[in-house]
Number of protein chains: 2
Amino acid sequence: MQQESERRSNRDRTEATRADLIRAARKLFTENSYAETGTPEIVAEAGVTRGALYHHFADKQALFAAVVEQEAAAVAGEIDHASPPSLSARDALIAGSDAYLKAMRAPGRTRLLLLDGPAVLGRAAMDEIDNRHGNRSLREGLVAAMRAQAMIRLPVEALTALLAAAFDRAALAIEAGASGEDYRAVLIALMDGLSPAPPPSKRPAPSR
Amino acid sequence: MQQESERRSNRDRTEATRADLIRAARKLFTENSYAETGTPEIVAEAGVTRGALYHHFADKQALFAAVVEQEAAAVAGEIDHASPPSLSARDALIAGSDAYLKAMRAPGRTRLLLLDGPAVLGRAAMDEIDNRHGNRSLREGLVAAMRAQAMIRLPVEALTALLAAAFDRAALAIEAGASGEDYRAVLIALMDGLSPAPPPSKRPAPSR
DNA sequence: TTGTTGCATACATGCAGCCTGTATGTTATT
DNA sequence: AATAACATACAGGCTGCATGTATGCAACAA
């Protein structure tokens, strides 16, 4: 007799195996680091062999990129879910900030997305991923704030990148045991500092 | 007969060999990445054998840490040199910022200090190094600005870390080809935003 | 002072284990 | 039958350690 429940289409097989590999890799990459996790360990956790891994991914780095991509999308999802468009510009930014910091508390996420990610894939590749996921909502929030006259006009790309960097560092510091309140307060102060100064004292904005 | 110029004290030998190894490692770690640089390559560049390397350093990571330490000190030196205490608080911060961005243009420094460093040594170890070198002058500048009433009072550690993170990201972006003017403008706007603005209901602003 | 003796330091060499990527073989799907 | 999805075997390289060797050094002796 032939095993009846084992018959799966090729597409299903591929999807299942890829998902198993990504899940196993995510688990091990977050528990330990990228460098400390070997492909033998990953395939053992996934229940396949190294042949399957190298059939579906070009190399270990490509598997890592898939994990990062998935994790970045998950973080972005949590942020979008937490900052509905009904809020004011400032409130939306703060809600998004809190959601980001909360999302990054998931164990190992900071190392995966903020330490190993840039080092393994390079900053350019990470920026590309971030711009499709996490940074997107931040940039939209900043543009909305500028449109609503709640924020001075600045180069949007640069501002997005630098604020995102500050958020990233805050997430790392908080995970390392720093005061979340302190970091949150500074982040909000940095953003509030960009609100347009009231008319009486005209502040020298970077005119160009 | 024994060649007299070959006779060196043990301390001289150690110093010279360590310096050769660090110099070679710095060259290769900045040209390529930490992971892509093997110890055989390093010792060949330094003109010694792997035995010498493992005699002076516990492992490859320890050699890397020595390189990072030296490079961080070099950057801090350039910053201190460029921002004399004669400047006003705000001017000192801007001069320091420019000096930092300029120092980080040295080829490979961003990868060494901002990508590989945190990933290989961990953020905690990098913070410890930064706090002894680069971040120190930044924190002092911020404290001075707060004392001079040129900046609102915020948790100093958190503010230093977040601004440093923004500087780091700016250095990476500029190296990647982004507009240095844009990033400089945003960095200055972020710092200027922390000056005590006179809101309609709050404290009187110190005129300057 | 000079020479000798004993030990510590500074390396060089060889080995063991692991890992990555690929090439080849086998099984399941179409 | 052809192709995709795997499994297995292999080659090359790298890291860390263990062992071997030469050089510096300190103390003591003559």
Side-chain angles (χ1 to χ4, degrees), chain A residues 1-25 27-29 31-68 116 119-122, chain B residues 1-25 27-29 31-67 116 119-121:
Chain A
M1 74 186 198
Q2 55 203 8
Q3 55 281 40
E4 72 293 356
S5 67
E6 282 297 346
R7 173 129 192 155
R8 294 180 300 172
S9 80
N10 261 351
R11 215 188 41 182
D12 287 349
R13 285 215 297 170
T14 291
E15 260 177 51
T17 302
R18 279 185 61 103
D20 284 345
L21 281 168
I22 291 178
R23 193 177 315 127
K27 171 172 157 57
L28 296 170
F29 284 152
E31 282 177 4
N32 308 310
S33 74
Y34 173 79
E36 288 163 0
T37 305
T39 54
E41 201 182 348
I42 296 172
V43 298
E45 172 77 27
V48 297
T49 64
R50 282 167 28 86
L53 194 167
Y54 281 91
H55 177 73
H56 288 290
F57 297 93
D59 52 15
K60 183 185 169 187
Q61 185 173 323
L63 172 58
F64 179 76
V67 173
V68 167
D116 284 347
V120 173
L121 304 176
Chain B
M1 73 182 195
Q2 53 201 11
Q3 55 280 45
E4 73 292 349
S5 68
E6 281 296 348
R7 172 130 189 153
R8 293 181 302 173
S9 80
N10 263 348
R11 216 187 39 180
D12 286 350
R13 287 214 298 170
T14 291
E15 262 177 48
T17 302
R18 279 185 61 103
D20 284 345
L21 282 168
I22 291 178
R23 192 178 314 126
K27 172 172 156 60
L28 295 170
F29 285 153
E31 282 177 5
N32 308 312
S33 73
Y34 173 80
E36 287 163 1
T37 305
T39 53
E41 200 182 348
I42 296 172
V43 298
E45 172 77 28
V48 296
T49 64
R50 298 184 59 251
L53 194 166
Y54 281 91
H55 177 73
H56 288 289
F57 297 93
D59 52 15
K60 183 184 168 188
Q61 185 173 322
L63 172 59
F64 179 76
V67 173
D116 284 347
V120 173
L121 304 177

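Model, not experiment: these values are computed from the prediction.
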Could you tell me whether a side-chain N or O of B:N32 sits under 3.5 Å from a main-chain N or O of B:T37, the two making a donor and an acceptor? no

How many whole angstroms separate atom [atom1] of [X] from atom [atom2] of [N]?
X	N	atom1	atom2	result
A:R8	D:dA4	CZ	C1'	14 Å
B:E15	C:dT9	CD	P	17 Å
B:F64	D:dG16	CZ	P	14 Å
A:R13	D:dC6	CZ	P	5 Å
A:L53	D:dA5	CG	C1'	13 Å
B:Y54	D:dG20	OH	C1'	19 Å
A:Q61	C:dC19	CD	P	19 Å

Hey, does the side chain of [X] come within less than 4.0 Å of [N]'s phosphate (OP1/OP2), counting only N and O?
X	N	value
A:H55	D:dC6	no
B:H56	C:dC11	yes
A:T39	C:dC19	no
A:T17	D:dC6	yes
A:T49	D:dC6	no

In this structure, which one of B:I22, B:V48, B:T17, B:L63 forms a side-chain contact (heavy atoms from CB on, under 4.5 Å) with B:H56? B:T17

Return whichever of A:G51 or A:P40 has its heavy-atom-nearest nucleotide of DNA chain C closer to the 5' end. A:P40

Relative to B:Y54, does B:K60 satisfy both conditions: NZ or CZ under 6.0 angstrom from the six-membered ring centre, and within 45 degrees of the ring's axis? no

So for B:R50 and D:dG16, does any side-chain atom that can act as donor or acceptor lie under 3.5 Å from a complementary atom in the base? yes

